[in-house]
There are 2 protein chains.
Amino acid sequence: METIDDLREHGGANAYLRGCSSRTVLDAIANKWTCLLVDALQSGPVRFGVLRRRLDGITQKSLTQTLRTMERDGMVIRTLYPTIPPRVEYELSALGRSVLALMEGIKRWSEEHAVEIVVARDAYDVRIARDPEPIQTT
Amino acid sequence: METIDDLREHGGANAYLRGCSSRTVLDAIANKWTCLLVDALQSGPVRFGVLRRRLDGITQKSLTQTLRTMERDGMVIRTLYPTIPPRVEYELSALGRSVLALMEGIKRWSEEHAVEIVVARDAYDVRIARDPEPIQTT
DNA sequence: CAGCATCCAATTGGATACTG
DNA sequence: CAGTATCCAATTGGATGCTG
């Protein structure tokens, strides 16, 4: 069933469509590192090393790549201070700040529902182990 | 700089930490197919084939996998009607509905900012092509 | 219809070493 | 300090064929 929003999209964009640019945007922002980085940058410029320590488990490569992508997309502003040793700070642009509330929401939802979901996973795995092909008669 | 929310997390969960279950939850829900599926299921049960046609470009394998993961996480309820040929319907659980607004928000944001981001990407690529290592003197 | 199984190409991710 | 470069293992994704 189509809703009114499906027909009247935003500026003609429709993320359901493979070729639409909004699909590539959705693909770019919908991942854990982007979510955590937007959240981590919410209160002002942060140095590369601080971000690396804050996002536990991220590799230098992934951090560089994600920040570069976000910078290219206009969500993040990178400032290089040509000192020795160099200092680089990252901060959200206006565009980046415009998605902050959503990213905070996703992160918060993950934290608030983590236990519930772990329980659901365990229950599912037990159920599958008991009956590999659950034929539900409805 | 730490905010109060960083110290007083939700039920002890903190998605910044590698080992925290909320991190795996964040990783599971932050991807384009999950976002589009939650959105597509918002107004009631939908059949597998309908979803496949709606999410342009998704393969049968990816659709099955994403739906299975969401079912395992308790976000989606799968109902098999043992007819011939079989009919399978997917619908959001209460947990799935609780993340709907956020997913709609992400999808909508992608659509609303797609043009702006494509422009930013083009500008970035041109800038890099002109000057491979932009040394910004601040 | 709604899948599962399989094969294979392509992308991703980690570890390590090096540099202005 | 903040990267780049490289190598390699592991995961992902598409295409195809088959089935209750």
Length of the line joining A/Lys61:NZ and C/dT11:P, which is rounded to integer Å: 13 Å
Pairwise distance OG(A/Ser98) to CD(B/Glu112) - rounded to 0.5 angstrom: 9.0 Å
Options D/dC1, C/dC1, C/dG3, nucleotide nearest the side-chain atoms of B/Pro86: C/dC1
Below 4.0 Å: OP1/OP2 of C/dC4 and any side-chain N or O of B/Arg68: yes
Closest heavy-atom pair and its distance - B/Ile29, B/Met103: O-CE, 3.4 Å
Spacing of B/Arg78 atom CZ relative to C/dA2 atom C1', expressed in whole Å: 8 Å
Presence of B/Arg47 side-chain N/O under 4.0 Å of C/dA2 phosphate oxygens OP1/OP2: yes
Gap separating the CG atom of A/Leu51 from the CD atom of A/Gln60, nearest 0.5 angstrom: 12.5 Å
side-chain N/O B/Thr59 vs D/dG14 OP1/OP2, d < 4.0 Å: yes
Value rounded to 0.5 Å, distance of OG1 in B/Thr34 from CG in B/Asp39: 12.5 Å
Atom-to-atom span, CD1 of A/Ile58 to P of C/dG13 - whole angstrom: 10 Å
Distance, rounded to the nearest Å, where B/Leu67 contributes CG and C/dA2 contributes P: 11 Å
Length of the CZ-C1' vector between B/Arg18 and C/dG13, whole Å: 14 Å
A/Arg52 vs B/Gly57, nearer the 5' end of DNA chain D by closest nucleotide: A/Arg52
Phosphate contact (D/dG14 OP1 or OP2) by B/Ser62 side-chain N/O below 4.0 Å: yes
Distance, rounded to the nearest Å, where A/Gln60 contributes CD and D/dT6 contributes P: 15 Å
B/Leu63 CG - C/dC1 P separation (whole Å): 14 Å
Within 45° cone of B/Tyr16 ring axis and under 6.0 Å: B/Arg23 NZ or CZ: no
4.5 Å side-chain heavy-atom contact, B/Leu63 and B/Trp33: no
Estimated bend of the helix from C/dC1-D/dG20 to C/dG20-D/dC1 (axis per five terminal pairs, rounded to 10 degrees): 60°
Heavy-atom closest pair, residues A/Ala15 and B/Leu36: O-CD1, 3.7 Å
Atom-pair distance (CZ on A/Arg87; P on D/dA2), nearest Å: 9 Å
